[in-house]
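To find a chain, count down the sequence lines: A is the first, B the second, and so on, and within it residues start at 1.
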Amino acid sequence: MNIVSTLQNAVAQAVEQLYGEATDPSKVLVNPTPPDFTGDYSVVIFPFVKVAKKSPDAAASAIGEYLAKNVADIKAFNIVKGFLNLEINDAYWQGFLQSVVSDSTYGRLPSNGKKVMVEFSSPNTNKPLHLGHIRNILLGWSCSNMLQAVGYEVVKTQIVNDRGVAICKSMVSWLKFGEGKTPESTGIKSDHFVGDWYVLFEQKSKEEYGAWQETAEAKSLFESKRKPEQLEKDFFKDFKNKWFNEYSILGAEVREMLLKWEAHDPETLALWKKMNDWVYAGFDKTYGDLGVSFNKLYYESDTYQLGKDIVEDGLTKGVFFKKEDGSIWLDLTDAGLDQKVVVRADGTSLYITQDLGTARMRHHELGCERYVYVVADEQNYHFQVLFETLKRLEEPYAAGLHHLSYGLVELPTGRMKTREGTVVDADDLITEVIRIATEQSKDRGEAETLSEAEKRENLRRVGMGALKFFIVKVHPKKKMIFNPEESVDLQGQTGPYIQYSYVRINGLMQRVEKEGIDLSSANRYTSIQPQEKELLVAIQDYQNVVLKGAEEYDPSLVANYSYDLAKKYHRFWHDLSVFNAETPEARAFRLTLSRAVGQVLKSSMGLLGVSGGM
RNA sequence: GGUCCCGUAGCACAAUGGAUAGUGCAACAGAUUUCUAAUCUGUAGGUUACAGGUUCGAGCCCUGUCGGGAUCACCA
């Protein structure tokens with residue numbers, strides 16, 4: 001058993017024996033002792049002073065005596081201001097170290113027989129992926145990995161938003177202005193190619209709107225509908241949607257396209273399929289670069305009609321109600337939310353209708369215990385409504401729904417805005433971090449032994465490791481600033497810094513292999529140093545970190561842990577000699593310890609999707 | 001305006017209600033001429049936005065204020 005749980009249990013037992021009060025062992029606080037104090041772990045005694053009816057130090061002393069007597073692994077204890085500091089026997093650490101290196105799955109839990117779905121990425125098909133998608137994808141991916149590590153079977157899904165106004169804009173634009181060009185003929189990556197037509201559409205539309213504003217019709221509309229004091233500029237800004245739907249020629253073409261699509265017009269469907277396929281080919285490349293994949297894809301074109309049956313249900317159950325115009329509503333005001341339309345007056349479905357239907361369908365198909373939606377925080381309200389609705393419908397899976405909400409990513413240059421063309425493209429960013437990694441390696445002078453291809457692959461790994469680590473180290477809920485230059489820095493809190501620790505360890509292990517060094521004398525090493533102890537304590541903590549990360553859907557815990565471990569290893573490396581250790585036992589011990597650190601680093605970084613060099 | 005989220009060093013980020021609020025970058029001062037120098041150590045930098053409250057103990061929980069963001073469509 002983990003020493004921390006051993007201690008928790010023993011303390012709970014002590015409290016019960018000494019003071020007759022039952023205590024939940026998992027509530028006993030056992031933390032690594034801060035470096036300034038003597039000890040490996042510290043028990044917080046304050047919670048027990050009331051039942052002990054003693055001063056904190058006296059209670060600590062009594063509990064300490066009890067532990068020293070009853071827990072074989074405890075070597076000594078001391079008390080500082082209500083904290084009971086415990087020293088653990090070297091024999092325990094020896095055994096622990098051996099158990100780690102002999103267990104290739106260390107940190108992972110066996111299957112728990114439960115299933116969880118994680119939905120992430122879920123892009124629109126009218127333009128390429130951008131920086132926001134990268135955060136989404138990395139969060140989804142690492143959460144999937146963490147859940148898997150703690151025993152879940154994970155189904156990774158995305159819903160591809162392949163229909164609707166957006167893709168129709170690209171289609172209209174390409175038909176009108178495309179002159180039959182293709183990704184092949186232009187040499188443009190195919191999802192970017194489709195996105196370019198979307199951008200062109202928006203440009204043309206803007207031009208049309210500008211021209212229209214000069215017409216007599218527009219002027220008189222402004223005069224008759226303006227609010228008092230409203231400037232012409234502001235009026236037309238507000239009016240844009242209405243204009244697009246009722247006055248725009250391009251807008252009319254898009255609506256026609258959409259109607260034809262919904263009527264299954266063969267030519268429209270063929271065009272739609274062609275453009276979407278271009279986009280998918282492009283996405284696949286980006287997903288490949290990021291090293292992610294999915295188990296199951298859902299397409300909005302298949303699911304957008306879904307949800308009518310669930311709405312029927314809701315009507316029968318009285319969860320929903322119908323207004324005179326035929327639209328169906330849901331009143332959530334008692335939950336602090338608003339009224340919400342779930343089906344339009346004309347009987348067509350909305351975003352929420354679709355999500356209701358998809359939720360039920362997926363549960364029938366997958367039968368998961370939990371469903372995690374990785375979606376940006378601008379949709380917090382939507383998910384509140386969605387989950388509350390499913391709860392009221394008494395859907396059996398409602399309690400297992402979770403919105404993993406994440407904040408905006410910005411660059412140091414400022415916020416991304418579609419309209420201002422400052423959106424950071426995912427592919428560009430990937431290229432950029434690899435470029436920076438390459439540039440930095442030039443200053444250093446890389447190992448000459450590698451082939452060109454190997455060097456390139458190394459740099460790609462460094463760049464991707466940098467990108468991934470930098471993004472995932474921040475708590476999902478917080479908005480963050482991604483600094484490409486800083487991310488690739490080889491010093492500091494970065495992916496490459498951690499990757500290097502691993503490379504270093506790998507180098508050691510290869511040498512062990514080559515020289516046939518015998519590590520079996522490791523357990524005869526009797527003077528564990530502080531730098532070694534802090535590594536052991538950190539390794540011990542790994543399984544808890546993974547568990548917590550999975551429970552809280554928070555990969556930043558694993559990222560910060562990895563950095564911390566790498567940092568401790570560097571300190572160890574600097575202060576103590578490994579190969580040139582004082583004795584053969586010390587050498588064997590340190591090599592074994594290094595192996596364990598490498599093993600954990602590989603595992604923890606692997607959870608984050610960073611496998612580069614590992 | 002209602003609702004929700006955020007506010008920690010110059011900057012970027014940590015900190016299950018527990019000890020003196022940490023880490024990196026940037027700055028300064030050193031060490032290590034090795035086991036790959038992609039390293040390490042030290043100095044400096046803080047009224048944790050502000051004001052109250054709960055607690056043995058609050059960056060964390062509660063109330064209010066200020067600042068920033070998101071959202072309040074028969075869009076997705």
(request) Name the closest nucleotide to the Val474(A) side chain, picking from A76(B), A14(B), C72(B). (result) A14(B)

(request) Compare side-chain N and O positions of Arg511(A) against OP1 and OP2 of C35(B) and report whether any pair is under 4.0 Å apart. (result) no

(message) When you measure from the side-chain N and O atoms of Lys478(A) to the phosphate of G7(B), is any distance below 4.0 Å, counting only OP1 and OP2?
(response) yes

(message) Between Lys340(A) and A73(B), is there a contact of a side-chain N or O with OP1 or OP2 at under 4.0 Å?
(response) no

Please list each protein N or O that sits under 3.5 Å from an N or O in nucleotides 66-68 of chain B, with the distance.
none

(request) At under 4.0 Å between heavy atoms, which parts of nucleotides 20-26 of chain B does protein reach? Answer with one letter per nucleotide, 5' to 3': B base, S sugar-phosphate only, - none. (result) B--BSS-

(message) Quick check for you: among C40(B), C74(B), A76(B), whose closest atom lies nearest to any side-chain atom of Asp325(A)?
(response) C74(B)

(request) Just need the stems in RNA chain B: three or more back-to-back Watson-Crick or G-U pairs, each with both distances under 3.5 angstrom, sorted by first number. (result) B:1-7 with B:66-72, B:10-13 with B:22-25, B:27-31 with B:39-43, B:49-53 with B:61-65

(message) Side chain of Asp338(A) only, heavy atoms from C-beta on: which candidate in U39(B), A76(B), C72(B) is closest?
(response) C72(B)

(message) With a cut-off of less than 4.0 Å, is there a side-chain N or O of Asn483(A) near OP1 or OP2 of A12(B)?
(response) no

(request) Specify the separation, in whole Å, of atom CZ of Phe470(A) and atom P of A14(B). (result) 11 Å

(message) Is there a side-chain contact between Lys473(A) and the phosphate of A14(B), meaning an N or O under 4.0 Å from OP1 or OP2?
(response) no

